[in-house]
A.B. asks: 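Here's a structure for you.
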There are 2 protein chains.
Amino acid sequence: MNLLVTIKEVAKLAGVSMTTVSRAYNPKSVIKESTRQKIFSIAKDIGYAPNLSARGLVTNKKFVIGVFLSSIHTNMSTFLSDILSNIHDGLPDNYLLSVEGIDRITDFNQKVKNRFDGVIVVSQSTADDTFIYQLKDNHIPSVVILRPIDNDDIYNIYSDDETGILEEIKLIAENGHKSIGMIGGRPEFVASIKRRRAVETGCAINALSLEPAAIKMGDYSPESGQVLMEEILELPTDQRPTCIVCANDDMAVGAIRACYENNINVPNDISIIGFDNVDYSKISTPALTTVSNPIGLMSNMAIKKLISIINDETDNDNPQTSVVLQPKLIIRESLANIK
Amino acid sequence: MNLLVTIKEVAKLAGVSMTTVSRAYNPKSVIKESTRQKIFSIAKDIGYAPNLSARGLVTNKKFVIGVFLSSIHTNMSTFLSDILSNIHDGLPDNYLLSVEGIDRITDFNQKVKNRFDGVIVVSQSTADDTFIYQLKDNHIPSVVILRPIDNDDIYNIYSDDETGILEEIKLIAENGHKSIGMIGGRPEFVASIKRRRAVETGCAINALSLEPAAIKMGDYSPESGQVLMEEILELPTDQRPTCIVCANDDMAVGAIRACYENNINVPNDISIIGFDNVDYSKISTPALTTVSNPIGLMSNMAIKKLISIINDETDNDNPQTSVVLQPKLIIRESLANIK
DNA sequence: ATGAAAGCGCTAACAA
DNA sequence: TTGTTAGCGCTTTCAT
């Protein structure tokens, strides 16, 4: 099989000009259908595939979409496959999907500029803002998901975490709890700050007390949830809350693990609730009461929006640049009714 | 910021020719260091980034590595982030990493040909073979990991599952078990077949009986583990084995969940062991006794090998095309000693 | 150590 | 509906 089959050879064999072959590959150009079929048939025979470098040089298109996450590391839960499979579902066939961590970009010009037709930023941290504004400055079509960006020019899809937490706290109060603790997330993540504030607000509204000695900040990993829960369990029993609110499911599972090792039954001895509704929260023991975080849906909406931006289908019907999704309470087993 | 800064403008501003600017960006070309620095400085000022389409047209390089998985779907455990973070660790700065599922490729010529400098195939199924041979036919540098390929021309890294299983079975026997059951994986995956056979062999060696009524085949999802375990629990008690071997950790966790719902304690009432040693197997309750499947390590070895192939650093010291990794027994809590 | 010119494979006017 | 021609931005001879 030849390594360098060009448009020229196809043209010669088909008895047409290069332009005609080129047109055969462009869906919206005028060409007799029989000619197109003939060209495709020959192309297939000799193994011709358009050279995208040459095409890109002329059209300035790359047929590559970039997905940039704040960071790619092990221990990401099922996060990544959820995002990628949902993006692929909306990705046109001829596009490639490149995946990269923002924290690894050393040279924007080399790594990003001139390489993507569009970019989806899955952002968890304000540290990503520099990158996001570079995208904007370079006029690279972008959609930012997962956290709100305070800029009307940037298309943005995120979930209304506060409402979710507020509902969670209300549910806890309704189940007769009076005092709660919390295991929060990384302080550098916007979501952590907002979730913590929402917990405080929720406690105020529902006349719950948030035990200061049982407020811990983790790093979203199961291990940190476990370690921090150990600390909470060491509290004198009169200070120990009857329910611990965790900033994500991973830490909640770690917290359950800590209880298990200390022979403390969840939820009979203490209740634990999570956030995110990751896949395995429903098969953990006990199954987690949590709040959905529709990251798959956001990813799918993001790629659809991005493609429409790239194809310049500016929707004047729907000019809004931000979409806020509503979270949903998922009630399972880890919260006890102690009334 | 200008959208189309070319080599020409940099050349003009630096008072040199286009060729010299081009040389500045090629590490192994002869150029005075001061000129190079001057060019870089100007390039940075006016926001120049080489146009990779133009470069690729000449050099036939794409600066894109492709990662192809058998399939990308939700519920993949932490598999994907483990693979990607390890590949990124070995990826040169100027390369993009494209991620795709083999099961979504409709047109090899369009999606693959002429688009990658090299490809890593993370293969779980013989269904991928067509794709793998297309890579070979098109002379695209490739490394296949996760499952053995029976072809000496294809660079291949995988783990010796059988040995792992055999050790697992031996451990079960040493802990006093006499009869076991199994929850296997998808029959279309090579690994499933081999793991099942290894279980049978292990039973023969260690004088264990594999209860026919307690052999079930699942699809590697936690849900299938749960459903299948329910079936096993419905068996009359004299037929119910004292230990269930699961083909992966996800199904093992599902099986534990089934026990929990039926008030059966793991491992006191029944033992369950897994395979893969995924991240959360150590914080599940009980923590899983399992076998490591060094997929992160394989990914890292694969990218290093691939880059060396691309850079034509043919290592005559080490001409082997296959590497077999040894698995490790991870002993935790889910297997009881019933002696 | 640097420059001039040819050409990579393709698309986009313009012409027929 | 199809063909001719110019040129996209870069690297690579071959000079100097």
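In what follows, chains are A, B, ... by sequence order, proteins preceding strands, each numbered from 1.
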A.B. asks: If you go through the side-chain atoms of A:Thr19, does one of them form a donor-acceptor pair with the base of D:dT4 closer than 3.5 Å?
C.D. replies: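 Such a pair is found, so the answer is yes.
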
A.B. asks: Starting the side chain at C-beta, find the nucleotide from D:dG3, D:dT11, C:dT2 nearest to A:Ser17.
C.D. replies: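 Shortest atom-to-atom distance from the side chain points to D:dG3.
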
A.B. asks: From NZ of B:Lys61 over to P of D:dC10, roughly how many Å is that when rounded to an integer?
C.D. replies: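 Result: 18 Å.
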
A.B. asks: Would you kindly say whether B:Thr20 and B:Ser17 are connected by a side-chain donor-acceptor distance under 3.5 Å?
C.D. replies: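 B:Ser17 and B:Thr20 do have a side-chain donor-acceptor pair below 3.5 Å.
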
A.B. asks: Rounded to whole angstrom units, what separation is found between the CE atom of A:Met18 and the C1' atom of C:dG9?
C.D. replies: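 From A:Met18 CE to C:dG9 C1': 7 Å.
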
A.B. asks: B:Leu52 CG to D:dC8 P: how many Å, rounded?
C.D. replies: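 So the two atoms are 18 Å apart, to the nearest Å.
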
A.B. asks: Want to settle it: does B:Glu33 or B:Leu57 sit nearer the 5' end of DNA chain C, counting the closest nucleotide to each?
C.D. replies: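 Upstream on the strand: B:Glu33.
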
A.B. asks: So A:Ser53, base contact, sugar-phosphate only, or nothing? Heavy-atom distance under 4.0 Å.
C.D. replies: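 Here A:Ser53 touches no strand at all.
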
A.B. asks: When the distance from CD1 of A:Ile39 to P of C:dC10 is rounded to whole Å, what number comes out?
C.D. replies: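 The distance from CD1 of A:Ile39 to P of C:dC10 comes to 13 Å, rounded to the nearest Å.
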
A.B. asks: For B:Asn26 and C:dT2, what is the distance between atoms CG and C1' respectively, to the nearest whole Å?
C.D. replies: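 Taking CG of B:Asn26 and C1' of C:dT2, I get 15 Å after rounding.
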
A.B. asks: Counting only side-chain heavy atoms from C-beta out, which of D:dC10, C:dT2, D:dT1 sits nearest to B:Lys32?
C.D. replies: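 So the side chain of B:Lys32 is nearest to C:dT2.
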
A.B. asks: Nearest to the side chain of A:Arg55, which nucleotide is it out of D:dT11, C:dT11, D:dT2?
C.D. replies: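 Nearest to the side-chain atoms of A:Arg55, counting from C-beta on, is C:dT11.
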
A.B. asks: Only one of A:Phe63, A:Phe68, A:Tyr95 passes ring pair (Phe, Tyr, Trp, His ring centres under 6.0 Å) with A:Phe116; say which it is.
C.D. replies: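 The option that passes is A:Phe68.
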
A.B. asks: Between B:Tyr48 and D:dC10, does any side-chain N or O lie under 4.0 Å from OP1 or OP2?
C.D. replies: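 Looking at the OP1 and OP2 atoms of D:dC10, one of them is under 4.0 Å from a side-chain N or O of B:Tyr48.
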
A.B. asks: Looking at the side chain of B:Ser22, which of D:dG9, C:dT11, D:dT12 is the nearest nucleotide?
C.D. replies: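 Of D:dG9, C:dT11, D:dT12, D:dT12 is nearest to the side chain of B:Ser22.
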
A.B. asks: When you check the side-chain N and O atoms of A:Asn109 and A:Lys111, is any donor under 3.5 Å from an acceptor?
C.D. replies: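 Not at all, the side chains of A:Asn109 and A:Lys111 share no donor-acceptor pair under 3.5 Å.
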
A.B. asks: In whole angstroms, how far is the P atom of C:dC8 from the CG atom of B:Asn114?
C.D. replies: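 Interatomic distance, CG of B:Asn114 to P of C:dC8: 16 Å.
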
A.B. asks: If you measure from the Lys or Arg side-chain nitrogens to the Asp or Glu carboxylate oxygens, is any gap between A:Glu33 and A:Arg36 under 4.0 Å?
C.D. replies: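 Here A:Glu33 pairs with A:Arg36 in a salt bridge, since their nearest N and O are under 4.0 Å apart.
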
A.B. asks: Among side-chain atoms of B:Ser70 and B:Asp128, is any donor-acceptor pair under 3.5 angstrom?
C.D. replies: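 Yes, B:Asp128 and B:Ser70 have a side-chain donor paired with an acceptor closer than 3.5 Å.
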
A.B. asks: Which nucleotide, D:dT2, D:dC10, D:dC8, lies nearest any side-chain atom of A:Val58?
C.D. replies: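 Taking heavy atoms from C-beta onward, the closest nucleotide is D:dC8.
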
A.B. asks: Verify the contact: side-chain N or O of B:Thr20 to OP1 or OP2 of C:dG3, cut-off strictly under 4.0 Å; return yes or no.
C.D. replies: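 B:Thr20 to C:dG3 OP1/OP2: side-chain N or O found under 4.0 Å.
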
A.B. asks: Check this one for me: any side-chain N or O of B:Thr35 less than 4.0 Å away from OP1 or OP2 of C:dT2?
C.D. replies: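 So the side chain of B:Thr35 is within the cut-off, an N or O lying under 4.0 Å from OP1 or OP2 of C:dT2.
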
A.B. asks: For B:Asn51 and D:dG7, give me the distance from atom CG to atom P, rounded to whole Å.
C.D. replies: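 Rounded to whole Å, this separation is 18 Å.
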
A.B. asks: From CG of B:Asn60 over to C1' of C:dC10, roughly how many Å is that when rounded to an integer?
C.D. replies: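 Interatomic distance, CG of B:Asn60 to C1' of C:dC10: 14 Å.
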
A.B. asks: Let me spell it out: for each of B:Arg23 and B:Ala54, pick the nucleotide of DNA chain D with the closest heavy atom. Which residue's pick is nearer the 5' end?
C.D. replies: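 Looking at the nearest nucleotide for each, B:Ala54 comes out on the 5' side.
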
